[in-house]
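Attaching a single structure in C-alpha cells format; questions to follow.
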Amino acid sequence: MDYKIGIPRSLLYHYYYPGWKEFFKKLGLEVVLSKKTNKKILEAGIKRTVDDLCLPLKSYFGHICQLKNKVDYIFTPRLISLGNYNSVCPKFMGLPDMVNSAFTKENLPPLITPDIDLRKGFFPWWKIARQVGDNFNISNWRVNYAFWKALKIQKKFETLKKSGKTIKDSIARLENREEVKKNNKVTINKQGNKNNLKIAVLGHSYLVNDEFLSLGLISKLKEFNVNVVTQEMIEISRLEKAAEKQSKKLFWYFNRHLMGGAYYFLEQDDIDGIIQVDAFGCGPDSMVKELVKIKGQDMEASILNVNLDEHSGEAGLETRLEAFIDLLERRKNI
Amino acid sequence: MKKLTFPHMGNLKIPAKTFFEEMGFEVICPPENSQKTLDLGMKYSPEFACLPLKINIGNFIEAMERGANTIVMGGGVGPCRFGYYGEVQKEILRDLGYDFEMICLEPQILKTYKNIRRVFGSFSWRKVYLAGKLAWYQIRAMDNIHKLVLKLRPREKEEGKVDKVYEEFLTELGACRRVESIQSLETEYRGLLEDLKGEYKRGIEIKVGIVGEIYVVIEPFTNLNVEKKLGDLGVTVKKDMYITRWIKNFLKFDSNHEEIEEAARPYLNSFVGGHGLDTIGNTVLFAEAGFDGVIQLAPFTCMPEIIAQSILPVVSERENISVLPLIFDEHTGEAGLITRLEAFVDLLTRQKKEKMQKYV
C-alpha cells in the first residue's frame, strides 16, 4: 500500500506530530506534511473561513488547502476531551465539520477524523489507533505494533521538550541530528545583553511555535540574547499544581497549563518577565489573560501582552520587544 | 443580612425574584440593562470576552452599589466560556474592591450544595420546593404569553397595543405569589391578546426562526430587540430557546434534544459547547417546518456560534432556507441592524410570493 496521508503543519501538529508520523509510517503509509505557514497559506485559509475565527485556525484551513491535491487522505482528528474535566476549545470539536463545509465546492480527499475523547474507557489512545487502522483495513497486529512504536517516539518527544528544547528543535532532533547543530550556530549576537535576562513566553504551542503566525517571536528574543522558557518545558504536574491557585479548576486543558505556567513563572525569582501571546479572538485566552493580569499586578511582575492577528506587523512587534527588554534590564539593574 | 442579586437575562428577573423572596431572602434586582450597565461592564472586563460577561459585570456593579452583597451565578464545566464566568467575574470585582460572596450553580451538585450551605446556613427543603414550584409556574406563564406575543405582533389591529398589554402582564405577574392567581392571570391575558388579532401587515405570513447563543436570544437589550423589530416589520417569529427550555436543558430534562442532535448530524457531528449544535439542528428543523428564513444571533467571539456560523452556509444551501447571521457586540448600531433586517424580510417576502404564484 502506498497511500499518502497528509498532516497539516498546524494546531495539534505541535503536540503530537512525532507520534502520529511514526504511527502512520509503521502502518505503511507515506506521511506528507504541509509546508511551513506562509502568506499564501494563510490567505487561502482566510478566504475559506468566517472573519471571527482565530488566526491559527484560519491558517489550518490554508494548510488543508495546500495538501488537498497532493494526498489520498487528510488526518484531521476531532479533539473532544483530554480526560475527565479536561475539555478543549470548542473549535477543536467542530473542526472536521468546519473543514467539510468550507471545502464543499472543492475536491477534498477523504478526511480521517477519529474522535479523541480520553474520558471513555481504558487505553483510549489505543482505541483511537485501532479506529484509524480500520480506515485502511490494516490488521490489528500491525496497528498494535505501530501504536507501540509511536508511543515510544512520542515519549521521547515529551522528554526532549521537558529538557528545555523548543518544539521545533525537538522535532528536528527526532528526525535528524544535523539540523539542530546548524540551527544552534545561526544565533547572532545582535545586542549585548549583559544581564542574561530570562523571559517566559506563554502562549498556545500552535501559535508561539509557528514562525509565521507568531512573527518569529522566539527567534527574535533569541537574537536579543534572551533565555526563553515556555510552559512546555515545565513538568505537567507542576503546571497543574500552580493552576490550583484558582479556586475553580479551569476546564480547558491547554489553557490550564498556560495559566499554571504563568503562576509558576510568577513565583520563580530567576524569571525577569513574562510575555503572553494570544491570537485575536481566542476565547479561552481572553479569560485566562485577565486572571494572569490581576495576579501579575498584585505581584508587581512585568507582563507584556501580545495579541496577534493577520494584520500584525513585524516592525511593531520588534519595537515592543525591544522596549520590554530595555525595561527589564533597567529593572534588574536597580 | 444577605442581600441577593443575580444577572439579568430577559425576564428571568421575575421568577428569580419570586423564588428567592419566597425562600425568605432579601433580593436586590440590578437596574434594567442600559447603556450605563454596558459601559461599566466594558470598562472593567477583558476586551475580548464575550458580551454577556461584560453585561453581567455591569449588572453586578450596579446591584452592589445598591447594597447587594451576595451574587448568584450560573456555572459549568466547559467548553463554553460561560462555565468560567463566575471565577473571572469574582476576580475582577474583588480587584475593584467590592466585598461580596458568590454562589455558582455548578453541575457538580454536592459541591454546589456545600457552597450554598456555607453561605446561607441551613434551609428547609419544603420551602425550596414551594418556591421552586411557584417560580416554575411563573416562567411557564411568562413563556406562553411571550410565544403568543411573537405570533400576534405582525397582525395586531392597533400599532403597539400588543406590547402595551404584554408589559402590563409582566408587571402583574411579578406580584402574583399563588399558583391559582398565576394561572388565572395567564388565561385573562391570553383572552386580551387574542382580541387584538387582525390581518397580517404584509398580507401574507412570513415566518422566521431565531437561533443562536442563548443570552443574546433571550436578552432584548443585547440584540437591540430584534424580535420586536421583526414583529413590527410583519414577521412571525419563533425562537429556539425560551427560559423554560433553558432550565429544562440545564437540569437535563430536555426531551427534544435528541431530535435536534439528529437533525444536525449531517452537518455537525459533535457537541461543541454552548448552543452551537442547537443552532445547526434547529435551523434544519425550522427548514423542515416550512419557515421562510432563519436568523442566527451571537455575541462577538462566541466560540460555539463561530463554528455554527462556519457551517450554516452549507445548511442554508442544502436545506433551501435563507439564513442571516447577526453578530452583536457593544458597538452594534441600531440603524445598520434595521436596514439589514428590512432587506432580509423583503427578500423573504419576494421569495414567498414567487413560490405562491408557482403553485397558483
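Chain naming here is simple, since letters A, B, ... match the order of the sequence lines and numbering starts at 1 in each.
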Item to check | Side chain, backbone, both or neither of Leu312(B) within contact of chain A (heavy atoms, under 4.5 Å) | outcome: neither

Next on the checklist: Heavy-atom cut-off 4.5 Å, strictly under: side chain, backbone, both or neither for Leu53(A) against chain B?
Outcome noted: both

Checklist entry - From Ile306(B) CD1 over to Met98(A) CE, what is the distance, rounded to the nearest 0.5 angstrom? => result 7.5 Å

Next on the checklist: Taking every non-hydrogen pair under 4.5 Å, which of Val314(B), Val315(B), Ile92(B), Val77(B) racks up the most with chain A?
Outcome noted: Val77(B)

Next on the checklist: Restricting to ring pair (Phe, Tyr, Trp, His ring centres under 6.0 Å), what partner residues turn up for Phe265(A), sequence neighbours left out?
Outcome noted: none

Distance-only donor-acceptor pairs under 3.5 Å across chain B and chain A:
{"from": "Gly76(B)", "atom 1": "O", "to": "Lys248(A)", "atom 2": "NZ", "distance (Å)": "2.8"}
{"from": "Pro79(B)", "atom 1": "O", "to": "Trp252(A)", "atom 2": "NE1", "distance (Å)": "3.0"}
{"from": "Arg81(B)", "atom 1": "NH1", "to": "Ser286(A)", "atom 2": "OG", "distance (Å)": "3.1"}
{"from": "Gly83(B)", "atom 1": "O", "to": "Lys248(A)", "atom 2": "NZ", "distance (Å)": "2.4"}
{"from": "Tyr84(B)", "atom 1": "OH", "to": "Lys248(A)", "atom 2": "O", "distance (Å)": "2.6"}
{"from": "Glu87(B)", "atom 1": "OE1", "to": "Ser247(A)", "atom 2": "OG", "distance (Å)": "3.2"}
{"from": "Glu87(B)", "atom 1": "OE1", "to": "Lys248(A)", "atom 2": "N", "distance (Å)": "3.4"}
{"from": "Glu87(B)", "atom 1": "OE2", "to": "Gln246(A)", "atom 2": "NE2", "distance (Å)": "3.3"}
{"from": "Glu87(B)", "atom 1": "OE2", "to": "Ser247(A)", "atom 2": "N", "distance (Å)": "3.3"}
{"from": "Glu87(B)", "atom 1": "OE2", "to": "Ser247(A)", "atom 2": "OG", "distance (Å)": "2.9"}
{"from": "Glu91(B)", "atom 1": "OE2", "to": "Gln246(A)", "atom 2": "NE2", "distance (Å)": "2.7"}
{"from": "Glu106(B)", "atom 1": "OE1", "to": "Lys248(A)", "atom 2": "NZ", "distance (Å)": "3.1"}
{"from": "Glu106(B)", "atom 1": "OE2", "to": "Lys248(A)", "atom 2": "NZ", "distance (Å)": "3.2"}
{"from": "Asn269(B)", "atom 1": "N", "to": "Asp97(A)", "atom 2": "OD2", "distance (Å)": "3.1"}
{"from": "Glu317(B)", "atom 1": "OE1", "to": "Lys105(A)", "atom 2": "NZ", "distance (Å)": "3.4"}

Item to check | Aromatic plane relationship, Phe48(B) with Phe280(A) - under 30° parallel, 30 to 60° tilted, over 60° perpendicular | outcome: perpendicular

Checklist entry - Hey, which of Leu277(B), Ile327(B), Ile311(B) has the most heavy atom pairs under 4.5 Å with chain A? => result Ile311(B)

Checklist entry - Highest number of heavy-atom pairs under 4.5 Å with chain B: which of Leu95(A), Ile80(A), Leu250(A), Val288(A)? => result Leu250(A)

Checklist entry - Tell me, side chain or backbone of Cys80(B) under 4.5 Å from chain A's heavy atoms, or both, or neither? => result backbone

